[in-house]
2 protein chains.
Amino acid sequence: MGLSKHDEFALRDNRIARYAKALAHPARVAILRFLIHKRSCVCGDIVDELPLSQSTVSQHLKELKTAGLIQGDIDGAKVCYCIDHKEWAAAKKFLGEFMDGFRSEDLECCTPVGKSIAIKR
Amino acid sequence: MGLSKHDEFALRDNRIARYAKALAHPARVAILRFLIHKRSCVCGDIVDELPLSQSTVSQHLKELKTAGLIQGDIDGAKVCYCIDHKEWAAAKKFLGEFMDGFRSEDLECCTPVGKSIAIKR
DNA sequence: GATGATGATCGTAAAAATACGATAGCAAGG
DNA sequence: CCTTGCTATCGTATTTTTACGATCATCATC
(Lines give C-alpha, C1' and ligand atoms only; values in the text may rest on other atoms or scores of the structure.)
Protein backbone atom coordinates (compact mmCIF):
# COMPACT_ATOMS: atom_id res chain seq x y z
CA MET A 1 0.00 0.00 0.00
CA GLY A 2 1.01 3.54 -0.55
CA LEU A 3 2.38 2.78 -3.98
CA SER A 4 0.82 5.43 -6.15
CA LYS A 5 -1.18 3.73 -8.92
CA HIS A 6 -0.48 6.28 -11.64
CA ASP A 7 -0.35 3.57 -14.29
CA GLU A 8 -4.03 2.92 -13.98
CA PHE A 9 -5.17 6.38 -15.00
CA ALA A 10 -5.58 8.00 -18.38
CA LEU A 11 -2.47 9.46 -19.99
CA ARG A 12 -4.10 12.84 -20.22
CA ASP A 13 -4.94 12.92 -16.54
CA ASN A 14 -1.43 11.85 -15.68
CA ARG A 15 -0.03 14.63 -17.78
CA ILE A 16 -2.25 17.24 -16.16
CA ALA A 17 -1.21 15.87 -12.78
CA ARG A 18 2.45 16.05 -13.77
CA TYR A 19 2.23 19.71 -14.71
CA ALA A 20 0.15 20.51 -11.65
CA LYS A 21 2.60 18.74 -9.40
CA ALA A 22 5.37 20.98 -10.67
CA LEU A 23 3.33 23.96 -9.47
CA ALA A 24 2.28 22.28 -6.25
CA HIS A 25 4.90 23.90 -4.04
CA PRO A 26 5.22 27.65 -3.41
CA ALA A 27 8.99 27.48 -3.80
CA ARG A 28 8.61 26.14 -7.32
CA VAL A 29 5.99 28.73 -8.14
CA ALA A 30 8.38 31.40 -6.89
CA ILE A 31 11.23 29.95 -8.92
CA LEU A 32 9.14 29.93 -12.07
CA ARG A 33 7.93 33.45 -11.41
CA PHE A 34 11.55 34.49 -11.03
CA LEU A 35 12.49 32.86 -14.31
CA ILE A 36 9.47 34.29 -16.07
CA HIS A 37 10.44 37.82 -15.19
CA LYS A 38 14.00 36.84 -15.94
CA ARG A 39 15.57 38.91 -13.25
CA SER A 40 18.22 36.30 -13.80
CA CYS A 41 18.33 32.67 -14.64
CA VAL A 42 21.31 31.59 -12.63
CA CYS A 43 20.79 29.09 -9.84
CA GLY A 44 22.72 31.13 -7.29
CA ASP A 45 20.51 34.16 -7.82
CA ILE A 46 17.44 32.03 -7.21
CA VAL A 47 18.93 30.72 -4.00
CA ASP A 48 19.46 34.29 -2.79
CA GLU A 49 15.82 35.01 -3.42
CA LEU A 50 14.39 32.08 -1.48
CA PRO A 51 14.45 31.07 2.18
CA LEU A 52 15.89 27.72 1.26
CA SER A 53 19.32 26.20 1.07
CA GLN A 54 21.22 25.77 -2.15
CA SER A 55 20.74 22.01 -2.20
CA THR A 56 17.00 22.30 -1.69
CA VAL A 57 16.67 24.84 -4.48
CA SER A 58 18.71 22.59 -6.73
CA GLN A 59 16.32 19.77 -5.94
CA HIS A 60 13.29 21.90 -6.83
CA LEU A 61 14.99 22.91 -10.07
CA LYS A 62 15.49 19.25 -10.84
CA GLU A 63 11.81 18.55 -10.33
CA LEU A 64 10.88 21.41 -12.61
CA LYS A 65 13.23 19.95 -15.20
CA THR A 66 11.67 16.51 -14.75
CA ALA A 67 8.23 17.99 -15.27
CA GLY A 68 9.64 19.54 -18.44
CA LEU A 69 8.79 23.11 -17.58
CA ILE A 70 12.35 24.39 -17.47
CA GLN A 71 15.61 23.78 -19.20
CA GLY A 72 19.12 24.10 -17.83
CA ASP A 73 22.06 25.15 -19.94
CA ILE A 74 25.66 25.24 -18.81
CA ASP A 75 27.09 28.72 -19.09
CA GLY A 76 30.67 28.45 -17.99
CA ALA A 77 30.82 27.73 -14.30
CA LYS A 78 27.19 28.67 -13.83
CA VAL A 79 24.01 27.10 -15.09
CA CYS A 80 21.36 29.09 -16.88
CA TYR A 81 17.81 27.97 -16.27
CA CYS A 82 14.98 29.10 -18.45
CA ILE A 83 11.38 28.27 -19.16
CA ASP A 84 10.95 25.58 -21.79
CA HIS A 85 8.48 27.50 -23.90
CA LYS A 86 7.23 24.48 -25.77
CA GLU A 87 6.39 22.49 -22.65
CA TRP A 88 5.11 25.64 -20.99
CA ALA A 89 2.66 26.10 -23.82
CA ALA A 90 1.60 22.49 -23.51
CA ALA A 91 1.07 22.84 -19.78
CA LYS A 92 -0.98 25.98 -20.32
CA LYS A 93 -3.08 24.15 -22.86
CA PHE A 94 -3.64 21.01 -20.79
CA LEU A 95 -4.39 22.84 -17.57
CA GLY A 96 -6.40 25.54 -19.30
CA GLU A 97 -8.58 23.13 -21.23
CA PHE A 98 -9.20 21.12 -18.12
CA MET A 99 -10.19 24.13 -16.07
CA ASP A 100 -12.37 25.43 -18.89
CA GLY A 101 -14.22 22.12 -18.95
CA PHE A 102 -16.42 23.32 -16.14
CA ARG A 103 -18.94 26.02 -16.96
CA SER A 104 -20.86 27.39 -14.04
CA GLU A 105 -23.77 28.21 -16.33
CA ASP A 106 -24.91 24.64 -16.57
CA LEU A 107 -24.61 24.27 -12.87
CA GLU A 108 -27.40 22.14 -11.52
CA CYS A 109 -26.08 19.87 -8.86
CA CYS A 110 -28.04 17.61 -6.57
CA THR A 111 -28.94 20.31 -4.10
CA PRO A 112 -30.82 23.32 -5.44
CA VAL A 113 -28.97 26.62 -5.08
CA GLY A 114 -29.16 27.90 -1.53
CA LYS A 115 -29.82 24.60 0.16
CA SER A 116 -26.12 23.90 0.11
CA ILE A 117 -25.07 22.87 3.59
CA ALA A 118 -21.55 22.41 4.79
CA ILE A 119 -20.86 18.74 5.27
CA LYS A 120 -20.15 17.61 8.80
CA ARG A 121 -21.37 14.28 10.02
CA MET B 1 14.22 19.05 8.43
CA GLY B 2 11.59 18.18 5.92
CA LEU B 3 9.12 20.54 7.48
CA SER B 4 7.70 22.36 4.49
CA LYS B 5 8.34 26.11 4.90
CA HIS B 6 5.15 27.32 3.28
CA ASP B 7 4.89 30.22 5.69
CA GLU B 8 7.87 31.90 4.17
CA PHE B 9 6.43 32.29 0.73
CA ALA B 10 4.06 34.84 -0.73
CA LEU B 11 0.35 34.29 -0.16
CA ARG B 12 -0.30 34.32 -3.86
CA ASP B 13 2.28 31.65 -4.54
CA ASN B 14 0.89 29.55 -1.73
CA ARG B 15 -2.56 29.81 -3.19
CA ILE B 16 -1.40 28.81 -6.64
CA ALA B 17 0.43 25.89 -5.06
CA ARG B 18 -2.68 24.89 -3.14
CA TYR B 19 -4.82 24.74 -6.27
CA ALA B 20 -2.09 22.98 -8.22
CA LYS B 21 -1.66 20.43 -5.47
CA ALA B 22 -5.32 19.53 -5.75
CA LEU B 23 -4.71 18.66 -9.39
CA ALA B 24 -1.40 16.95 -8.72
CA HIS B 25 -2.74 13.42 -8.68
CA PRO B 26 -4.40 11.70 -11.63
CA ALA B 27 -7.11 10.26 -9.38
CA ARG B 28 -8.16 13.74 -8.34
CA VAL B 29 -8.09 14.95 -11.93
CA ALA B 30 -10.28 12.01 -12.86
CA ILE B 31 -12.66 12.75 -9.98
CA LEU B 32 -12.97 16.38 -11.02
CA ARG B 33 -13.47 15.40 -14.64
CA PHE B 34 -16.22 13.07 -13.52
CA LEU B 35 -17.90 15.82 -11.50
CA ILE B 36 -17.50 18.33 -14.30
CA HIS B 37 -19.37 16.14 -16.71
CA LYS B 38 -21.73 15.33 -13.88
CA ARG B 39 -22.32 11.77 -14.84
CA SER B 40 -23.18 11.70 -11.18
CA CYS B 41 -21.98 13.39 -8.07
CA VAL B 42 -22.41 10.58 -5.62
CA CYS B 43 -19.32 9.21 -3.93
CA GLY B 44 -20.21 5.59 -4.65
CA ASP B 45 -20.41 6.24 -8.37
CA ILE B 46 -16.98 7.79 -8.32
CA VAL B 47 -15.57 4.76 -6.53
CA ASP B 48 -16.99 2.52 -9.23
CA GLU B 49 -15.20 4.57 -11.84
CA LEU B 50 -11.74 4.46 -10.29
CA PRO B 51 -9.26 1.66 -9.57
CA LEU B 52 -9.16 2.67 -5.92
CA SER B 53 -10.87 1.62 -2.75
CA GLN B 54 -13.73 3.55 -1.20
CA SER B 55 -11.60 4.88 1.64
CA THR B 56 -8.92 6.14 -0.71
CA VAL B 57 -11.45 7.91 -2.89
CA SER B 58 -12.99 9.45 0.20
CA GLN B 59 -9.56 10.72 1.16
CA HIS B 60 -9.02 12.28 -2.26
CA LEU B 61 -12.44 13.90 -2.01
CA LYS B 62 -11.44 15.33 1.34
CA GLU B 63 -8.31 16.87 -0.15
CA LEU B 64 -10.33 18.40 -2.96
CA LYS B 65 -12.65 19.84 -0.34
CA THR B 66 -9.69 21.18 1.63
CA ALA B 67 -8.36 22.84 -1.50
CA GLY B 68 -11.82 24.33 -1.87
CA LEU B 69 -12.50 23.03 -5.34
CA ILE B 70 -15.46 20.89 -4.42
CA GLN B 71 -18.33 20.94 -2.03
CA GLY B 72 -20.14 18.06 -0.41
CA ASP B 73 -23.81 18.14 0.42
CA ILE B 74 -25.71 15.49 2.30
CA ASP B 75 -28.53 14.09 0.23
CA GLY B 76 -30.26 11.59 2.40
CA ALA B 77 -28.04 8.60 2.94
CA LYS B 78 -25.72 9.65 0.13
CA VAL B 79 -23.47 12.63 -0.31
CA CYS B 80 -23.56 14.81 -3.37
CA TYR B 81 -20.26 16.29 -4.42
CA CYS B 82 -20.06 19.13 -6.83
CA ILE B 83 -17.61 21.68 -8.12
CA ASP B 84 -17.50 24.81 -6.01
CA HIS B 85 -17.91 27.21 -8.89
CA LYS B 86 -16.62 30.23 -7.01
CA GLU B 87 -13.39 28.59 -5.96
CA TRP B 88 -13.10 26.93 -9.34
CA ALA B 89 -13.23 30.32 -10.99
CA ALA B 90 -10.60 31.59 -8.58
CA ALA B 91 -8.35 28.63 -9.31
CA LYS B 92 -8.77 29.19 -13.03
CA LYS B 93 -7.89 32.83 -12.58
CA PHE B 94 -4.85 32.26 -10.37
CA LEU B 95 -3.43 29.43 -12.44
CA GLY B 96 -4.31 31.07 -15.73
CA GLU B 97 -2.75 34.40 -14.86
CA PHE B 98 0.36 32.69 -13.64
CA MET B 99 0.73 30.61 -16.78
CA ASP B 100 0.03 33.62 -18.96
CA GLY B 101 2.84 35.50 -17.24
CA PHE B 102 5.32 33.88 -19.56
CA ARG B 103 5.27 35.00 -23.15
CA SER B 104 7.55 33.13 -25.47
CA GLU B 105 7.88 36.21 -27.67
CA ASP B 106 10.22 37.97 -25.32
CA LEU B 107 12.26 34.85 -24.97
CA GLU B 108 15.93 35.70 -24.75
CA CYS B 109 17.62 33.54 -22.21
CA CYS B 110 21.30 33.26 -21.44
CA THR B 111 22.05 30.93 -24.29
CA PRO B 112 21.22 32.15 -27.79
CA VAL B 113 18.57 30.11 -29.56
CA GLY B 114 20.01 26.90 -30.91
CA LYS B 115 22.97 26.67 -28.58
CA SER B 116 20.76 25.09 -25.98
CA ILE B 117 22.50 22.01 -24.70
CA ALA B 118 21.01 19.39 -22.45
CA ILE B 119 22.51 19.63 -19.01
CA LYS B 120 24.57 16.69 -17.87
CA ARG B 121 27.65 17.24 -15.80
C1' DG C 1 -35.76 -1.00 16.69
C1' DA C 2 -33.19 -4.18 13.48
C1' DT C 3 -31.10 -4.09 8.84
C1' DG C 4 -28.68 -2.55 4.89
C1' DA C 5 -26.48 0.83 2.31
C1' DT C 6 -23.47 4.84 2.13
C1' DG C 7 -19.61 7.33 3.25
C1' DA C 8 -16.28 9.21 6.93
C1' DT C 9 -12.68 8.08 9.93
C1' DC C 10 -9.12 5.29 12.29
C1' DG C 11 -5.05 2.59 12.22
C1' DT C 12 -1.39 1.25 9.69
C1' DA C 13 2.18 0.65 6.17
C1' DA C 14 4.81 2.01 2.34
C1' DA C 15 6.36 5.50 -0.63
C1' DA C 16 7.34 10.15 -1.96
C1' DA C 17 8.36 14.91 -0.92
C1' DT C 18 10.83 18.36 1.69
C1' DA C 19 14.88 20.08 3.72
C1' DC C 20 19.63 20.37 5.10
C1' DG C 21 24.73 19.69 5.57
C1' DA C 22 28.55 17.61 3.51
C1' DT C 23 30.83 16.52 -0.32
C1' DA C 24 32.18 16.09 -5.13
C1' DG C 25 32.96 17.96 -9.81
C1' DC C 26 33.97 21.51 -12.85
C1' DA C 27 35.32 26.20 -14.74
C1' DA C 28 37.77 30.37 -14.21
C1' DG C 29 41.38 33.08 -12.26
C1' DG C 30 45.34 33.65 -9.93
C1' DC D 1 48.61 23.73 -10.16
C1' DC D 2 45.88 25.69 -6.49
C1' DT D 3 42.26 28.14 -4.98
C1' DT D 4 37.72 29.94 -5.39
C1' DG D 5 33.02 30.01 -6.76
C1' DC D 6 29.04 27.56 -8.59
C1' DT D 7 26.01 23.73 -8.82
C1' DA D 8 24.87 18.73 -8.54
C1' DT D 9 24.54 14.83 -5.78
C1' DC D 10 24.76 11.92 -1.63
C1' DG D 11 23.24 10.70 2.86
C1' DT D 12 19.98 11.39 6.15
C1' DA D 13 15.96 12.92 8.91
C1' DT D 14 11.31 14.42 9.02
C1' DT D 15 6.91 15.09 7.18
C1' DT D 16 3.39 14.27 3.96
C1' DT D 17 1.01 11.53 0.63
C1' DT D 18 -0.99 7.42 -1.01
C1' DA D 19 -3.44 3.34 -0.17
C1' DC D 20 -6.05 -0.22 2.12
C1' DG D 21 -8.96 -2.79 5.46
C1' DA D 22 -11.71 -2.32 9.41
C1' DT D 23 -14.81 0.10 11.80
C1' DC D 24 -18.13 3.70 13.00
C1' DA D 25 -21.99 6.91 12.19
C1' DT D 26 -25.97 8.07 9.72
C1' DC D 27 -29.96 7.65 6.95
C1' DA D 28 -33.68 4.87 4.79
C1' DT D 29 -36.38 1.03 4.95
C1' DC D 30 -38.47 -2.77 6.71
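Nothing here was measured: the structure is a model prediction, and the numbers come from that model.
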Rounded interatomic separation in angstrom, taking [atom1] from [X] and [atom2] from [N]:
X	N	atom1	atom2	result
D73(B)	dA8(C)	CG	P	12 Å
Q54(A)	dT9(D)	CD	P	11 Å
H60(B)	dT9(C)	NE2	C1'	16 Å
N14(B)	dT18(C)	CG	C1'	14 Å
L64(A)	dT18(C)	CG	P	11 Å
D45(B)	dT6(C)	CG	C1'	11 Å

Nucleotide of [options] approaching [X] most closely (side-chain heavy atoms):
X	options	answer
T56(B)	dT17(D), dC20(D), dG21(C)	dC20(D)
C43(A)	dT7(D), dC20(C), dA22(D)	dT7(D)
S55(A)	dA8(C), dG21(D), dC20(C)	dC20(C)
H25(A)	dG7(C), dT9(C), dA19(C)	dA19(C)
K78(B)	dT6(C), dA19(D), dT9(D)	dT6(C)
A77(B)	dT9(C), dC20(C), dC27(D)	dC27(D)
K62(B)	dC20(C), dT9(C), dT17(D)	dT9(C)

Worksheet item: Do we see a donor-acceptor contact under 3.5 Å between the side chains of T56(B) and S53(B)?
Response: yes

Return a table of donor-acceptor pairs under 3.5 angstrom between the side chains of residues 90-97 of chain A and protein atoms on other chains or two or more places apart.
unit_1: K92(A); atom_1: NZ; unit_2: D100(B); atom_2: OD1; d: 3.3

Practice prompt. Assign E63(B) to base, sugar-phosphate, or nothing according to its heavy-atom contacts below 4.0 angstrom with the strands shown.
Written response: sugar-phosphate

Worksheet item: Taking it one step at a time, do Q71(B) and K65(B) satisfy side chain to side chain contact (heavy atoms under 4.5 Å, CB included)?
Response: CA-CA 6 Å; Q71(B) 216 179 346; K65(B) 252 192 296 183; over 6 Å; no

Item to complete: Go through I46(A) and L61(A) one step at a time and tell me if the side chain to side chain contact (heavy atoms under 4.5 Å, CB included) criterion holds.
Response: CA-CA 10 Å; I46(A) 301 171; L61(A) 285 167; 4.2 Å; yes

Discussion item. Would the distance check show the side chain of R28(A) and the main-chain N or O of K21(A) forming a donor-acceptor pair, the cut-off being under 3.5 Å?
Written reply: yes

Item to complete: Anything under 30° is parallel, anything over 60° is perpendicular, the rest tilted; go ahead and classify H60(A) against H25(A).
Response: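 Tilted: the ring planes of H60(A) and H25(A) meet at 30° to 60°.
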
Fill in: side chain to side chain contact (heavy atoms under 4.5 Å, CB included) evaluation trace for R12(B) with V29(A)
CA-CA 9 Å; R12(B) 184 181 46 173; V29(A) 174; over 6 Å; no

Item to complete: Look at the side-chain N and O atoms of R28(B) and state whether any lies under 4.0 Å from the OP1 or OP2 oxygen of dT18(D).
Response: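 R28(B) to dT18(D) OP1/OP2: side-chain N or O found under 4.0 Å.
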
Worksheet item: Looking at residues 5-12 of chain A, who's got a heavy atom less than 4.0 Å off DNA chain D?
Response: K5(A)

Worksheet item: Can a donor-acceptor pair under 3.5 Å be found between the side-chain atoms of S58(B) and the base atoms of dG7(C)?
Response: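 Answer no: no donor N or O sits under 3.5 Å from an acceptor.
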
